[in-house]
2 protein chains.
Amino acid sequence: MRIVKEAEERRNEILDAADQLFGQKGFDGTSTNDILEKVGIARGTLYYHFKSKEDIMDALIERYNVRLLGAAQEVAADKSIPVYERIMRVVMALNISGEGSQEVMDHIHKPQNALMHQKIQKVIVRGVPPILGEIIREGIEEGLFHTPYPFEVMEMVVIYLNTIFDQDMIEMTEEGRLSRLQAFAFNIERLLGVESGSLLHLMQMFDGGNGEHHE
Amino acid sequence: MRIVKEAEERRNEILDAADQLFGQKGFDGTSTNDILEKVGIARGTLYYHFKSKEDIMDALIERYNVRLLGAAQEVAADKSIPVYERIMRVVMALNISGEGSQEVMDHIHKPQNALMHQKIQKVIVRGVPPILGEIIREGIEEGLFHTPYPFEVMEMVVIYLNTIFDQDMIEMTEEGRLSRLQAFAFNIERLLGVESGSLLHLMQMFDGGNGEHHE
DNA sequence: TCTTACCGACAGACAGTCGGTCTATAACAA
DNA sequence: TTGTTATAGACCGACTGTCTGTCGGTAAGA
């Protein structure tokens, strides 16, 4: 029953298994035994490819990081797309993010996965504001926005959204969610120096597909 | 060698020991053995007073929570203090926070303590915006600020500051720190609807005692 | 005498290690 | 071409030490 594979193939098998298991049961809740049973390998093999359990998590985050920011960066660089639309598309790329990582985002936000959550948060907080900030900067040149601090505004916005829509950072009623969205739209308009109401059409994107306005 | 004490006294001894140890070595890095050796009790005693290791952490956070928010709330409720000064005093209460918990804040921001960090973050994000928001609301009545969303603005500000000044969320040069402070002052002025520059004297508080302006 | 606090041996689970084994391929000989 | 041997990379699983949480029992004070 000894099956030999290329190191990279094995590594990916292990990462795929870990991805699912961490998602289902959290990092602490998943034992290395769970992982190696799922892959169908022995203990030694796991530690041949990864130096520790946390090393597996780091590799997972790196993979996720590349996919997520890569997709966003690609969209952001396409200057043929108008600024407003490009912002939306970048945000969508960050929310949905291609192939197999949809689940990741769903599962990170569990108390069990605190460390993983923190590490991903770090990736997002470091990676996203430069991407969005640059688009805003273009928007400023075009006269769409008016702020001397596009990068810092995006930093604030990204951090806020990332924290506030964390499943259990704040338990929100549907009403609380909507009022926060309204406030958010208003605040970001002030931060970007645009007329009040300009971003209404942008905000509808975040409205959970529920098209109501509640102005 | 059997020493009997009131349950609450023992509980506090255990919490004090855990506080120091978690600070030094992190939650995961601290074993229950470390704690019970430091206190000088047996395993069973520890588990007589707390139902799990995580329960100890929760109690620690609760104690911290009470001290921190309690102090802030007390200051916030004193309507004899002018609004601007009261805001500063509340923020100071949150940063320094009384007796023995100075260390806590210093040690939370370590990758080891991800879960603890997350839980404290939650306490702050839930607890502080209502306190500050209420003061801002008073300021609005007095005509100092102009925003329809005082609570949400404070929520955004608290989350931002809490994340950005996390030791290793973003590695910042001294220059990056100052430029961020400038941007922050500018942005919060827009959010609160005050004249640009109004908050300069407030911001000097956060300037690490370094009195330079860099306008 | 009864409750409350305390004890420490123990079970079960887990992460990581280590010596050793298999196998594909390369290098070389016949 | 065919057969043989050498080598390195992939793999194995028993084992170690450590850790958390449990449980039956014990001392002390009211």
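These numbers come from a predicted model, not from an experiment. Chain naming here is simple, since letters A, B, ... match the order of the sequence lines and numbering starts at 1 in each.
Atom-to-atom, CG of Asp34(A) to C1' of dA15(C) comes out at 13 Å; the value is rounded to the nearest Å. We find that CZ of Phe27(A) is positioned 13 Å from P of dC14(C), with the value rounded to whole Å. Taking atom CG on Asp28(A) and atom C1' on dA15(C), their separation rounds to 12 Å, with Å as the unit. Whole-Å rounding puts the Leu36(B) CG to dA9(C) P distance at 13 Å. Note: CG (Asp55(B)) to P (dT20(D)) measures 14 Å, nearest angstrom. The CD1 atom of Ile3(B) sits 8 Å away from the P atom of dC7(C) (whole-angstrom rounding). We find that CD1 of Ile35(B) is positioned 8 Å from P of dT20(D), with the value rounded to whole Å. Summarising the geometry, the separation between CZ on Phe50(A) and P on dC11(D) is reported as 12 Å, rounded to the nearest angstrom.
Applying the 4.0 Å criterion to OP1 and OP2 of dC11(D), one finds that Tyr48(A) has every side-chain N and O outside that range. Phosphate proximity of dA5(C) to Thr45(B): absent, as no side-chain N or O sits under 4.0 Å from OP1 or OP2. A sub-4.0 Å separation between OP1 or OP2 of dC6(C) and a side-chain N or O of His49(B) is present. A sub-4.0 Å separation between OP1 or OP2 of dT17(C) and a side-chain N or O of Tyr47(A) is absent.
The shortest distance between side-chain heavy atoms of Val83(A) and Phe145(A) falls below 4.5 Å. Using a 4.5 Å heavy-atom threshold, the side chains of Lys119(A) and Tyr64(A) count as separate.
Considering only side-chain atoms of Val4(B), the nucleotide from dG16(C), dC7(C), dA5(C) that sits closest is dA5(C). Distances from the side chain of Arg43(A) to the nucleotides dA5(C), dT17(C), dC7(C) place dT17(C) closest. Between dT20(D), dG21(D), dC12(D), one nucleotide has an atom nearer to the side chain of Ser52(B) than all others, and that is dG21(D). Which of dC11(D), dT20(D), dA15(C) sits closest to the side chain of Ser31(A) comes down to dA15(C). In this structure, of dA10(D), dT20(D), dG13(D), it is dA10(D) that holds the atom nearest to the side chain of Ala7(A).
Mapped onto DNA chain D by nearest heavy atom, Gly44(B) and Thr30(B) fall at different nucleotides, with Thr30(B) at the one closer to the 5' end.
Within a 6.0 Å sphere centred on CD of Glu9(B), heavy atoms belonging to other residues, nucleotides or ligands number more than 12. Counted within 6.0 Å of CD on Glu8(B), heavy atoms from surrounding residues, nucleotides or ligands total 12 or fewer; the atom is thus considered open. In the displayed structure, Glu85(A) atom CD is contacted under 6.0 Å by more than 12 heavy atoms of other residues, nucleotides or ligands.
Side-chain to base pairing of Arg2(B) with dC6(C): one donor and one acceptor N or O lie within less than 3.5 Å of each other.
At a threshold of 4.0 angstrom between heavy atoms, the contacts of Leu46(A) with the nucleic acid are absent.
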